[in-house]
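Only one structure is covered here, and it is reproduced in the block below.
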Number of protein chains: 4
Amino acid sequence: MTSPRRELRRRQLLEAARDVFAEKGYVAATVDDVVARCGVARGTFYLYFDDKLDVFGALVSDFFARVAGSIRSIELGADAAPPREQLRANLARVVTLAMDEPGMVKIAFGTAFGVDPALDERLARFYAALSTFMDETLQTGQRLGLVRGGDRRLMLSIAIGGLQQLLRDAVDGHVPSDEHALVDAVMDFLQSGLLAH
Amino acid sequence: MTSPRRELRRRQLLEAARDVFAEKGYVAATVDDVVARCGVARGTFYLYFDDKLDVFGALVSDFFARVAGSIRSIELGADAAPPREQLRANLARVVTLAMDEPGMVKIAFGTAFGVDPALDERLARFYAALSTFMDETLQTGQRLGLVRGGDRRLMLSIAIGGLQQLLRDAVDGHVPSDEHALVDAVMDFLQSGLLAH
Amino acid sequence: MTSPRRELRRRQLLEAARDVFAEKGYVAATVDDVVARCGVARGTFYLYFDDKLDVFGALVSDFFARVAGSIRSIELGADAAPPREQLRANLARVVTLAMDEPGMVKIAFGTAFGVDPALDERLARFYAALSTFMDETLQTGQRLGLVRGGDRRLMLSIAIGGLQQLLRDAVDGHVPSDEHALVDAVMDFLQSGLLAH
Amino acid sequence: MTSPRRELRRRQLLEAARDVFAEKGYVAATVDDVVARCGVARGTFYLYFDDKLDVFGALVSDFFARVAGSIRSIELGADAAPPREQLRANLARVVTLAMDEPGMVKIAFGTAFGVDPALDERLARFYAALSTFMDETLQTGQRLGLVRGGDRRLMLSIAIGGLQQLLRDAVDGHVPSDEHALVDAVMDFLQSGLLAH
DNA sequence: CATGAATGAGTATTCATTCAT
DNA sequence: AATGAATGAATACTCATTCAT
């Protein structure tokens with residue numbers, strides 16, 4: 001059904017779209033840009049995707065899936081690593097993934113609402129899924145006394161926003177993109193905040 | 001030069017633009033939407049602004065100025081309030097401002113990059129200014145031992161990103177928008193991070 | 001509200017559209033053709049009409065209204081002309097109208113179903129209105145003994161189809177377009193059919 | 001030359017095309033629709049037909065041939081049936097054919113002019129052929145005193161248009177499609193027109 | 001000051017047709 | 001014979017901006 005040739009072309013288009021979106025943003029990017037980068041004709045694009053939003057969705061949903069897939073549940077067994085180490089390892093995987101896919105970081109975290117209602121809905125779904133997932137994690141953490149008390153929604157909003165911005169800035173070269181340093185910075189923030197004690 | 005009448009009309013247009021941008025986003029918003037909301041003709045818009053980007057710039061630069069203006073330097077004199085209280089007071093003023101101008105929060109923090117190179121540059125300038133301003137504050141804080149050590153750019157990226165997201169979520173109704181609760185949440189984060197001790 | 005200038009331009013566009021539709025048919029006609037014939041820019045068209053279908057609708061509904069408006073009810077008063085004369089006069093007015101607007105005859109009677117669902121609906125509404133109107137007339141005629149008995153729907157289908165085709169052929173030059181001859185031909189058909197007695 | 005297998009496939013494609021054209025109209029119908037209904041690949045279509053217009057032509061010319069073939073010349077021999085009966089029999093055969101092929105009625109009588117110049121020409125040729133054929137019949141009828149006098153082109157235009165419309169309406173369900181009733185309606189019209197005597 | 005008619009560049013999308021496999 | 005991937009011409013529609021009145 002999906003011949004290897006077809007699969008290859010699809011992948012080519014996805015990569016081209018990713019690069020174009022990352023460079024010019026979703027709105028400014030044209031289907032023409034994408035096919036030109038692929039060296040195929042305009043119509044070819046529509047053999048693989050319904051429209052511009054469809055590629056965007058494919059790109060973002062795949063990226064979010066990989067992000068989610070890189071996060072492991074914190075194990076509490078006697079022979080498991082300390083929770084804080086597991087958390088750091090999760091963070092490290094996410095950071096690595098992000099640094100490996102700078103384009104996707106720009107796309108997934110830099111595409112604003114309000115451009116296209118259909119796009120909005122799509123992004124909202126992704127964020128909601130991510131949020132729910134993280135909320136459950138946090139809830140468990142609180143129950144186990146690993147996470148301090150407080151309104152989880154507020155804590156999450158700040159934490160996710162902070163991580164997003166850090167990754168975005170790293171990708172844009174505004175802050176150093178050394179993975180270890182990034183992970184440390186986040187861990188420090190999560191452990192101690194910003195102020196001296 | 002600027003008759004009061006002219007000033008009034010300009011302000012009307014600015015408010016209309018703010019509302020339209022907040023509702024539909026910069027890209028989807030049309031000059032037509034703006035003038036329709038004002039009850040003036042298409043051409044009138046161009047008597048007050050160079051183009052669409054010009055209103056956007058006026059809106060955002062004014063907002064950033066007000067944000068910056070609401071922040072007071074931390075005083076260390078013997079009869080000054082404790083630094084932490086001053087920090088909280090600053091935060092409170094920013095949060096109040098943001099909750100008073102939900103539209104501007106959406107616009108300033110929710111406008112996508114990549115829509116228009118000129119717009120990108122404009123937004124980048126504002127963020128750079130904000131970042132520089134905060135960096136100086138942080139630097140002072142570190143020198144005085146009020147802020148823990150660490151790479152300030154990383155710390156700032158996380159803190160600013162976290163605050164932005166929190167304000168955005170509050171404005172969008174994703175998290176409760178009680179000002180006191182928001183301030184507390186940020187203060188807690190700055191003081192203790194997320195993890196239990 | 002509708003300035004005379006605006007009204008003029010609208011009329012120009014309507015006439016251009018009518019000519020283009022008549023020459024190339026609804027499908028083959030492009031908005032470009034229409035504006036080119038008017039010497040205005042592409043966008044101007046959309047200041048006056050929602051889209052291609054909108055002009056078509058305006059054209060056809062106006063034409064049907066004029067056709068309907070040219071038909072007078074048959075008067076039966078003592079001092080009224082004989083019904084057959086009144087019928088002939090009605091027919092003559094319709095034929096005159098049609099010969100004055102050959103383009104509209106082509107458009108109204110030569111645009112097929114199946115091109116565009118929205119178009120279909122529009123045409124169907126017009127035909128339904130015409131049919132209802134004629135049916136009532138026929139019903140009255142039967143009651144008064146002026147029209148022979150029989151299934152009115154079938155009689156109408158044949159009569160309307162016959163008249164339509166005659167007008168179309170006259171407009172296309174397939175049959176002579178002398179108005180008097182056309183009226184006579186239809187009257188003869190209505191009175192005696194085709195076969196000798 | 002034409003293997004039975006090839007012939008079979010061709011027939012499949014023709015029927016699929018007929019159904020698709022009847023459902024969506026010539027313009028809206030796509031080659032894709034046709035091959036999809038056949039379960040063959042896009043390219044296969046072009047192994048049997050030059051292009052879209054070619055199938056249309058094959059369909060319509062075949063249908064017109066069958067219509068023409070169902071009409072017998074009026075015999076005048078002493079032992080022949082009365083001419084009026086022969087006329088009715090011809091009519092009955094045409095109506096039966098039409099009701100057996102509702103799709104073809106829609107296609108042949110319901111395809112718009114102006115879609116494609118080549119298609120226009122093709123349809124015009126068919127109508128011209130039908131018209132010539134009928135004209136000769138009518139001429140004979142007039143010579144024999146079976147048909148009343150008058151301009152044959154006008155009479156034909158009305159009669160053909162009336163029959164076409166009746167068949168179309170029957171096929172579309174706008175009028176009852178009982179074959180006997182349809183034939184009677186046409187015969188009545190040909191014999192007596194519409195008005196009472 | 002204000003108007004609003006006019007402009008025209010810019011883009012997503014469809015689909016008949018070809019051709020290498 | 002058959003496939004189906006690829007082509008690319010063709011078109012409707014939007015909207016920021018200008019300018020004559």
Side-chain angles (χ1 to χ4, degrees), chain A residues 1-3 5-6 8-10 13 27-35 38-54 116, chain B residues 3 5-6 9-10 27-36 38-55 116, chain C residues 1-3 5-6 8-10 13 27-35 38-54 116, chain D residues 3 5-6 9-10 27-36 38-55 116:
Chain A
M1 200 122 279
T2 48
S3 69
R5 178 177 180 180
R6 200 179 152 77
L8 180 67
R9 179 52 44 97
R10 188 185 142 88
L13 282 165
V27 196
T30 70
V31 173
D32 250 40
D33 292 331
V34 176
V35 296
C38 249
V40 298
R42 214 167 332 339
T44 302
F45 176 88
Y46 292 93
L47 294 177
Y48 294 87
F49 302 100
D50 291 341
D51 49 32
K52 204 171 131 182
L53 186 58
D54 191 27
D116 176 336
Chain B
S3 71
R5 180 172 173 189
R6 189 174 163 80
R9 172 65 31 108
R10 188 183 142 90
V27 200
T30 70
V31 173
D32 239 43
D33 293 329
V34 176
V35 295
C38 255
V40 298
R42 193 110 81 259
T44 303
F45 177 89
Y46 290 92
L47 296 175
Y48 294 88
F49 301 98
D50 291 341
D51 49 33
K52 196 176 154 184
L53 187 57
D54 190 26
V55 225
D116 179 335
Chain C
M1 200 121 280
T2 49
S3 69
R5 178 176 180 184
R6 199 179 152 78
L8 180 69
R9 177 52 45 94
R10 189 185 142 90
L13 282 165
V27 196
T30 70
V31 173
D32 251 38
D33 293 330
V34 176
V35 295
C38 251
V40 299
R42 210 153 355 332
T44 302
F45 176 89
Y46 293 93
L47 294 177
Y48 294 87
F49 302 100
D50 290 342
D51 49 32
K52 204 172 131 181
L53 187 57
D54 190 27
D116 177 338
Chain D
S3 72
R5 179 173 171 188
R6 188 176 163 81
R9 172 62 34 107
R10 188 183 143 89
V27 199
T30 69
V31 173
D32 238 42
D33 293 329
V34 176
V35 296
C38 254
V40 299
R42 191 106 85 262
T44 303
F45 177 89
Y46 290 90
L47 295 175
Y48 293 88
F49 301 98
D50 291 342
D51 48 34
K52 197 177 153 185
L53 187 56
D54 190 25
V55 225
D116 178 335

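Every chain is numbered from 1, with letters handed out A, B, ... down the list of sequences.
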Under-4.0 Å side-chain N/O to phosphate OP1/OP2 contact, A:Arg42 with E:dT13: no
Shortest side-chain distance from D:Ala41, nucleotide among E:dG4, F:dT3, E:dT7: F:dT3
My understanding is that a pair needs two contacts under 3.5 Å, Watson-Crick or G-U wobble. By that rule, which nucleotide pairs with E:dG4? F:dC19
How many Å lie between NZ on A:Lys52 and C1' on E:dT13, as a whole number? 13 Å
Using a cut-off of less than 4.0 Å, is there contact between a side-chain N or O of B:Arg5 and OP1 or OP2 of E:dC1? no
For E:dT14, does either OP1 or OP2 sit under 4.0 Å from a side-chain N or O belonging to A:Tyr46? no
Atom CG of C:Asp32 and atom P of E:dG8: how far apart are they, to the nearest Å? 12 Å
Selected nucleotide, minimal atom distance to B:Thr30 side chain, candidates E:dC15, F:dC13, F:dA16: F:dA16
How long is the straight-line distance from CZ of B:Arg9 back to OG of B:Ser3, given to the nearest 0.5 Å? 11.0 Å
When every non-hydrogen atom of C:Phe49 is compared with those of C:Arg10, the smallest separation belongs to CE2-NH1, 3.4 Å
Check the phosphate of F:dT7 against A:Thr44, side-chain N and O only, distance under 4.0 Å to OP1 or OP2. Yes or no? yes
Given E:dA5, is OP1 or OP2 found less than 4.0 Å from the side-chain N or O atoms of C:Tyr48? no
I need the CZ-P distance between C:Arg6 and E:dA6, as an integer number of Å. 8 Å
Nearest heavy-atom contact between A:Val27 and A:Lys52 is O-NZ, 3.3 Å
Closest-nucleotide mapping onto DNA chain F: is A:Gly43 or D:Val40 further toward the 5' terminus? I mean the 5' end. D:Val40
Rounded off to whole Å, could you give me the CG-to-C1' distance for the D:Asp33 and E:dA16 pair? 12 Å
Under 4.0 Å, counting only non-hydrogen atoms across every strand here, what does C:Ala29 touch: a base, just sugar-phosphate, or nothing? sugar-phosphate
Between the side chain of C:Asp54 and the main-chain N/O of C:Asp51, is any donor-acceptor distance below 3.5 Å? no
I need the CG-C1' distance between C:Leu47 and E:dG8, as an integer number of Å. 12 Å
Name the residue closer to the 5' end of DNA chain F, choosing between B:Asp51 and A:Gly39 according to the nucleotide with the nearest heavy atom. A:Gly39
By nearest heavy atom, map A:Asp50 and D:Leu53 onto DNA chain E; which one lands nearer the 5' end? A:Asp50
Taking atom C1' of E:dA2 as reference, at what distance in whole Å does atom CZ of B:Arg10 sit? 18 Å
Result of checking C:Leu8, C:Leu47, C:Val40 against C:Leu13 for side chain to side chain contact (heavy atoms under 4.5 Å, CB included): C:Val40
Return the value, rounded to whole Å, for the distance between atom CZ of B:Phe45 and atom C1' of F:dT18. 14 Å
For B:Phe49 and E:dA2, what is the distance between atoms CZ and P respectively, to the nearest whole Å? 13 Å
Taking 4.0 Å as the cut-off, does a side-chain nitrogen or oxygen of A:Arg9 come that near to OP1 or OP2 on F:dA6? yes
